[in-house]
Asks: 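One structure follows; several queries about it will come next.
Index from 1, following the sequence. Both ligands and their constituent atoms are indexed starting at 1 by order of listing.
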Amino acid sequence: MAAQDYSPAAYDPFSPAVMANPVPFYEELRAKPEVHFIAKYDTWAFSRFQDIVDVLTIGDNAFIASESTLPSEEMLLDRHTGTAQELPLDPLPGFALLGSPHYEALRQAHIKPLQPKAVKSLAGFVEGLANELLDDLLPRKRFDLTQDYGGIISASVICKLFGIELTRAREVLDMVNAMSRTDEASGGIDVPMMMARYAAIIGECVTRRRAAGADGDNMLIDGLIHLDHFSRALSDEEVAAQLVCVFVGGTETAPKIAAHGLMELANTPDQLAEVRADLAKNVPRAVEEMIRFCAPAQWFSRTAHRDVEVAGARIRKGQRIIVLFGSAKWDEAEFDAPREFRWNRPIRRVLSFGTGQHYCFGIHLARLELKIIVETFLRRVGSYSFDMGSAIRYPSSFQWGWNSLPVVIGD
Ligand code: HEM
């Protein structure tokens, strides 16, 4: 069998080899002095930490994710014509596809329940959930740490935020998991199908809020219902389209990071012992390294809406860029020995939550959930190990993380 070619020329985000393990490809991309241009897709691939910061912090609508933040291979193959499409505002697409000032107006309209004070008020709820779940799971001695523990916690928080019965948390989790799995044949996500499924469940929540008067009790939804920015009210479908990012981002990422992080600690008993020495003090620090080391999102895309020169790349209007967050975390120029998990490493900055305009606004909730998921588990569990033979990390062009991590509880 021929040896795998990891050179930049062989990098294709949708190729089976990259989707199975992009890390060696990223190493070669970062070693290349210039930003890599993928001719097949007419797209620039940014792999270095600082280059990504530089390109994502250019304002003035130079880059807008107007085609999608997560385009399929088919979308990238559809070559640009030197123009960048401005999306019509009626009906309104999801806010992530829009530039300023519409992007910010929509984002601000539903950000309140995810701001620090509101998130802090969820701590008791999340702790209660974590303990209740462990009461049920620990006697089984073996369960899926990603799905049965962290996954149900994150999905339950999303249910609470959206006003969905908590008994539907497993359904929400399964839906997000199913929709986020990249199709191994096409390498992409079936975006229209995904949006229709989400629109149905989120749409029900919006319709209920409007019928109940949308009095401001649930600002995630009511803030969008009452938004006064487009000289007209948004329809239920338009409100639902804005909420997909919170629904998905809030469900799928934290559980993979928590389970993977607990695995890294189990694999390095000295580090686990150090963290255990003072859980309340040390877990928040260990969580920061988990966020750096274990974040599963590989890359996001934007389209250039004007000619831009950055990091030596001459990007023409209409071309796309992809920013490889999955590569930035292994950048030796940013982190000392980046491939080593060190629970208390100094971390100046990370790209796990993105940067610039699209910076994740679930960050406070993500940190709260991660801290409680990890700390409660370590408080309640003595020794634990993983059945790696049954663990699953699906090949993916998007979320390359531990979808299933069976944990075995010791004495
Ligand atoms: C540890 C967990 C999480 C990680 C690592 C993470 C990561 C990210 C990243 C990398 C982005 C930027 C995407 C881009 O540049 O296009 C992002 C955006 C976003 N995230 Fe998170 N996220 C997490 C948790 C959450 C949670 C808990 C929520 C909500 C409850 C959430 C909601 C969002 C939203 C609404 C956006 C903005 C999308 C956009 O403007 O395009 N995320 N997240």
Asks: Mind checking whether F49 and F335 have ring centres under 6.0 Å apart?
Replies: yes
Asks: So, for F361 and F353, is the gap between ring centers shorter than 6.0 Å?
Replies: no
Asks: Taking only Lys NZ, Arg NE, NH1 and NH2, and the carboxylate oxygens of Asp or Glu, determine whether E289 and R342 approach each other closer than 4.0 Å.
Replies: no
Asks: Please work out which of R302, R292, Q298, Q357 has its closest non-hydrogen atom nearest to atom 15 (O) of ligand 1.
Replies: R302
Asks: May I ask whether I291 has any heavy atom positioned less than 4.0 angstrom from an atom of ligand 1?
Replies: no
Asks: Centroid separation under 6.0 Å, is that true for the rings of F14 and W299?
Replies: yes
Asks: Answer yes or no: are there more than 12 heavy-atom neighbours, outside D90 itself, under 6.0 Å from its atom CG?
Replies: yes
Asks: So if I count the atoms of ligand 1 from 1 in the order they appear, which ones are less than 4.0 Å from some heavy atom of A96?
Replies: 39 (C), 41 (O)
Asks: Nearest to atom 28 (C) of ligand 1, what protein heavy atom do you find, and at what distance?
Replies: G362 CA, 3.4 Å
Asks: Considering the heavy atoms of Y103, write down every atom of ligand 1 situated less than 4.0 Å from one of them.
Replies: 39 (C), 40 (O)
Asks: Ignoring angles and geometry beyond distance, decide whether T253 reaches within less than 3.5 Å of ligand 1 through its nitrogen or oxygen atoms.
Replies: no
Asks: Test of understanding: given a 4.0 Å heavy-atom threshold, classify the contact between F300 and ligand 1 as side chain, backbone, both, or neither.
Replies: side chain
Asks: So, is the end of the R320 side chain (NZ or CZ) under 6.0 Å from the ring centre of W44 and within 45° of the ring's axis?
Replies: no
Asks: Counting only heavy atoms from other residues, nucleotides and ligands, does the tally under 6.0 Å from CG of D278 exceed 12?
Replies: yes
Asks: Nearest protein heavy atom to atom 21 (Fe) of ligand 1, by residue and atom, and its distance?
Replies: C360 SG, 2.3 Å
Asks: For S100 and Q357, what are the C-alpha separation, side-chain angles and deciding distance, and is it a side-chain hydrogen bond (donor to acceptor under 3.5 Å, both in side chains)?
Replies: CA-CA 9 Å; S100 301; Q357 189 183 39; 3.2 Å; yes
Asks: In the protein, which heavy atom is nearest to atom 24 (C) of ligand 1, and how far is it?
Replies: G249 O, 3.5 Å
Asks: Would you mind telling me if ligand 1 is within reach of the side chain of I257, the backbone, both or neither, using heavy atoms under 4.0 Å?
Replies: side chain
Asks: May I ask you to check if any N/O/S atom from C245 comes under 2.8 Å of atom 21 (Fe) of ligand 1?
Replies: no
Asks: Does the side chain of Q399 come under 3.5 Å of the side chain of Y394 through a donor N or O and an acceptor N or O?
Replies: no
Asks: Check whether any N or O atom of H358, backbone or side chain, sits under 3.5 Å from an N or O atom of ligand 1, and answer yes or no.
Replies: yes
Asks: Is E334 paired with R348 through a side-chain N to carboxylate O contact shorter than 4.0 Å?
Replies: yes
Asks: Among all protein heavy atoms, pick the one closest to atom 11 (C) of ligand 1 and tell me residue, atom and distance.
Replies: F353 O, 3.8 Å
Asks: May I ask you to identify, for S352, whether its side chain, its backbone, both or neither come under 4.0 Å of ligand 1 on a heavy-atom basis?
Replies: backbone
Asks: Tell me the nearest of G250, A366, A295 to atom 29 (C) of ligand 1, using heavy-atom distances.
Replies: G250
